[in-house]
*Asks:* 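I have a structure I would like to understand better, so I am pasting it below and will then ask my questions one at a time.
Below, chains carry the letters A, B, ... as their sequence lines are ordered, and counting in each starts from 1. Here the structure is a predicted model, which is why all the values come from computation and not from measurement.
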Protein chains: 2
Amino acid sequence: MSRTTINDIAALAGVSKGTVSRVLNGHPRVSERSREAVWRAIEQTGYRANVHARSLATGRNNAIALLIAAASDQLFSDPTFAELIEGVRDGLLETDLSLVILMGGSETEDHRTVSYIKAGHVDGLIHLNPFFDDAITAGLPDCALPLVLCGPRPPIPLPRQNWVVTLDDAGGVRQALDHLASRGAHKIAMIGGDPRGVSATVRFQAYRDWLGASFDPDLFEPGDYGAGSGQVALARILDRHPRVDAVFCASDRMAIGALETAYRRGLHVPEDLLVMGFDDHRIAALADPPLSTIRQPIREIGRTAVQTLLAAIAGETPSDKVFPTHLVVRDST
Amino acid sequence: MSRTTINDIAALAGVSKGTVSRVLNGHPRVSERSREAVWRAIEQTGYRANVHARSLATGRNNAIALLIAAASDQLFSDPTFAELIEGVRDGLLETDLSLVILMGGSETEDHRTVSYIKAGHVDGLIHLNPFFDDAITAGLPDCALPLVLCGPRPPIPLPRQNWVVTLDDAGGVRQALDHLASRGAHKIAMIGGDPRGVSATVRFQAYRDWLGASFDPDLFEPGDYGAGSGQVALARILDRHPRVDAVFCASDRMAIGALETAYRRGLHVPEDLLVMGFDDHRIAALADPPLSTIRQPIREIGRTAVQTLLAAIAGETPSDKVFPTHLVVRDST
DNA sequence: CAATGGTGGGTAACCGGTTCCAGCGAAGTT
DNA sequence: AACTTCGCTGGAACCGGTTACCCACCATTG
């Protein structure tokens, strides 16, 4: 009644378990006759190797973890995460590795996550959104696993083996601001992302640098990437500066919230106010009016993160990758 | 340089590895002296048992899987999933089991998911949203793992060991409709959930049964639980039946979409149109106007699902659990 | 003082794979 | 014909835990 093991296959195929193992792992020096006999036995029984026995013997887990610093309610409302995860799954498709999603957020969760990693369940880590005060990342330096960051490298101690696969945040911001300026904007506000995240800060700094001496802190308002925060943020900015003629948002969802506020205040987009998003998520094209935005190759970032991590696990030394962004002009600017 | 093993601990504590194992597993017949020596050695070295060796020896995985039939973009936009997962994590908190989230959706994904389960990675399954034509569920009957369904039991072959932990969908629908009727509604429309899901169908049937002879198929419109679909669905219903005086939505997000359509059409809520949601998600209270809805103890369902599954894994025979819903009256009715 | 009973703990088998090593037979070389 | 060489395979050790079994030891008891 118990599962079939490699011994059963060996007996059935009339070979030793060593040979069965060699067949399973594609070892080159196995005779055609043995190989066939083994595969026949496997098909006949529906045999599947025991993952734990294999991991114990090889020392590999055949699994990687996806770290997410945000609490799960944020995670589950952010389509960018969904797409990044899709990309990661794409990258994993051809391998037989499995993917464990670990979420942080609360102190308990962060602790459990670090503990899980240290218990040796996985061979490598992909961190989706590094924070500054990231308890997960903070707990990692002393564990020897390779780590790939999908975002700018945070200024805290990191594991020795770490790589960055991300987009050119600063370049994207400059593309957006250049575009708004070319459309005649003089007073450009910005609605930023969650300030705990490293990439949000990089985007903010790019905005401040671009404005130089004319930077005005009252024209900046942080958000949390969600539509609601964009709505509130633009309202606050308009209360302080009714003459704002353009607003650049660090996510498409916040831009859609901003559109809502503009609508309620009787401001026409793009005549009275230029609005830009970031991401080029599906919802950007469906907005009213369709949203100009900065496209980031989010899915490809996910795929590349996996490739980089696999290379690192295999002992190679991959390099960091920073993807360029693209300006997408629609009707909101 | 390699990890410390149970042998190192045994040597350090001056006992045999059997004793170390007994200490680790809380075996009662270990002397105070040995126990202390072992714990001291463990603290000193930061020892952690190898999960694979343990699983191999015990035959247990110490892991359960969470199945989600929907594609990941749906998953990541549905706050109900997020909360259900929170509940599951709550339930798992005291155990040392780990949680693997498996998403279906496409044919490849479903296949990979079933394959993962059959490879023997987990000890039990929690299925979050059973579908009718659910490839994951369909692939499960012949694997002997216990399965807990967070939703009505679908009318397809299931694994022998299966339990249901869910809410009283039909009762909730009746509560909503009774309430709308008590507010004077005569022509009650319904916006349903994704018709592939079993619980959406149960809710629809409850609606039809409640209306009896006066049921009119033109007053029903399916959605996908998202705000956008609620918006479109109410528009369609109003086009067919401008005199509708109440609409019951199978999710709060769809209800919020419906509010938007009502607003755009100049209908005042609740004067011209009563609107009800389902779930009592956080957003319901924040809607404008605040949404009357049916509260479901979603988080508790998650917690209970875990308890039921753990009991089943332990060889006990738990019973199905159906939670009652509660009417929450706010300003939209 | 011998028989008894219970407790603590050492030993070894076992879980199901991988991999190194040695041996064997066939083919090639001198 | 004897000696290499080479491809293939069986056997055994090993990965790091758990657990059944057995024995030594000590405290009771008759």
*Asks:* Looking for any heavy atom pair under 4.0 Å, which part of the strands does B/S16 touch: base, sugar-phosphate only, or nothing?
*Replies:* base
*Asks:* Looking at every heavy atom in both A/S319 and A/T308, which two are closest together, and how far apart are they?
*Replies:*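 Closest approach of A/S319 to A/T308, heavy atoms only: O-CG2, 4.5 Å.
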*Asks:* Nearest nucleotide by nearest heavy atom, which residue falls closer to the 5' end of DNA chain C, B/A57 or B/T19?
*Replies:* B/T19
*Asks:* For a quick check of understanding: with a heavy-atom distance under 4.0 Å over all strands, which category does B/S21 fall into, base, sugar-phosphate or nothing?
*Replies:*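 Since a base atom lies under 4.0 Å of B/S21, the category is base.
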*Asks:* With heavy atoms under 4.0 Å as the rule, sort A/V20 into base, sugar-phosphate or nothing.
*Replies:* nothing
*Asks:* Can you pull out the residues from residues 38-53 of chain B that lie within a 4.0 Å heavy-atom distance of DNA chain C?
*Replies:*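 When residues 38-53 of chain B is checked for heavy atoms under 4.0 Å from DNA chain C, there are no hits whatsoever.
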*Asks:* Measure CD1/A/I6 against P/C/dC14 and give the value in whole Å, please.
*Replies:*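 So the two atoms are 18 Å apart, to the nearest Å.
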*Asks:* CZ of A/R35 versus C1' of D/dC8: gap in Å, rounded?
*Replies:*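 To the nearest whole Å, that distance equals 11 Å.
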*Asks:* Under the side chain to side chain contact (heavy atoms under 4.5 Å, CB included) rule, collect the residues that match up with A/D320, sequence neighbours excluded.
*Replies:* A/R153, A/W163, A/V164
*Asks:* Provide, to the nearest angstrom, the distance between the CZ atom belonging to A/R33 and the C1' atom belonging to D/dC8.
*Replies:*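 About 11 Å, once rounded to whole Å.
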*Asks:* Determine whether a donor-acceptor pair (N or O, by modelled atom type, separation under 3.5 Å) exists between the side chain of A/T166 and the backbone of A/V322.
*Replies:* no
*Asks:* For the pair made of CD in A/E32 and P in D/dG7, what is the distance, rounded to whole Å?
*Replies:* 16 Å
*Asks:* Any N or O donor-acceptor pair under 3.5 Å from the base of C/dG10 to the side chain of B/R22?
*Replies:*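 Result: at least one qualifying N/O pair found.
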*Asks:* Within the structure shown, what part of the strands sits under 4.0 Å from B/S34 by heavy-atom distance: base, sugar-phosphate, or nothing?
*Replies:*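 Since only primed, P, OP1 and OP2 atoms lie under 4.0 Å of B/S34, the category is sugar-phosphate.
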*Asks:* Show your working on side chain to side chain contact (heavy atoms under 4.5 Å, CB included) between A/L97 and A/L99 and close with a plain yes or no.
*Replies:* CA-CA 7 Å; A/L97 274 71; A/L99 179 67; over 6 Å; no
*Asks:* Round to the nearest Å and state the distance from A/I9 atom CD1 to C/dT18 atom P.
*Replies:* 12 Å
*Asks:* Side-chain N or O of B/R29 versus OP1/OP2 of C/dG9: is the shortest distance under 4.0 Å?
*Replies:* no
*Asks:* Mind checking B/T58 for me? I need base, sugar-phosphate or nothing, with any heavy atom below 4.0 Å counting as a touch.
*Replies:* sugar-phosphate
*Asks:* Is any side-chain heavy atom of B/T5 less than 4.5 Å from a side-chain heavy atom of B/N50?
*Replies:*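 Answer no - side chains too far apart.
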*Asks:* More than 12 foreign heavy atoms under 6.0 Å from CZ of B/R48: is that the case here?
*Replies:* yes
*Asks:* Please state how far atom CG in A/L56 lies from atom P in C/dT19, giving the value in whole angstrom units.
*Replies:* 12 Å
*Asks:* Could you tell me whether the side chain of A/K17 has a donor or acceptor atom within less than 3.5 Å of a complementary atom in the base of C/dG17?
*Replies:* yes
*Asks:* Looking at B/D90 and B/R303, is any side-chain nitrogen of the basic one under 4.0 Å from a carboxylate oxygen of the acidic one?
*Replies:*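 Counted as a salt bridge, because a side-chain N and a carboxylate O are separated by less than 4.0 Å.
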*Asks:* Distances for protein N/O vs nucleotides 4-6 of chain D N/O pairs under 3.5 angstrom?
*Replies:*
none

*Asks:* Please report, rounded to the nearest Å, how far the P atom of C/dC20 is from the CG atom of A/N25.
*Replies:* 12 Å
*Asks:* What is the nucleic acid contact for A/N7, judged by heavy atoms within less than 4.0 Å: base, sugar-phosphate only, or nothing?
*Replies:* nothing
*Asks:* Would a 4.5 Å heavy-atom cut-off, applied to side chains only, mark B/L140 and B/L67 as touching?
*Replies:* yes
*Asks:* Ignoring backbone atoms, establish whether B/S31 has a side-chain N or O less than 4.0 Å from OP1 or OP2 of C/dG9.
*Replies:*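 Affirmative; the distance criterion is met.
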*Asks:* Please examine the side chains of B/R112 and A/R89, heavy atoms only from C-beta on, and report whether any two atoms are closer than 4.5 Å.
*Replies:*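 Counting from C-beta outward, A/R89 and B/R112 never come under 4.5 Å.
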*Asks:* Rounded at 0.5 Å granularity, tell me how far CD1 in B/I101 sits from OG1 in B/T113.
*Replies:* 12.0 Å
*Asks:* I need the NE2-C1' distance between B/H27 and C/dG10, as an integer number of Å.
*Replies:*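 The distance from NE2 of B/H27 to C1' of C/dG10 comes to 14 Å, rounded to the nearest Å.
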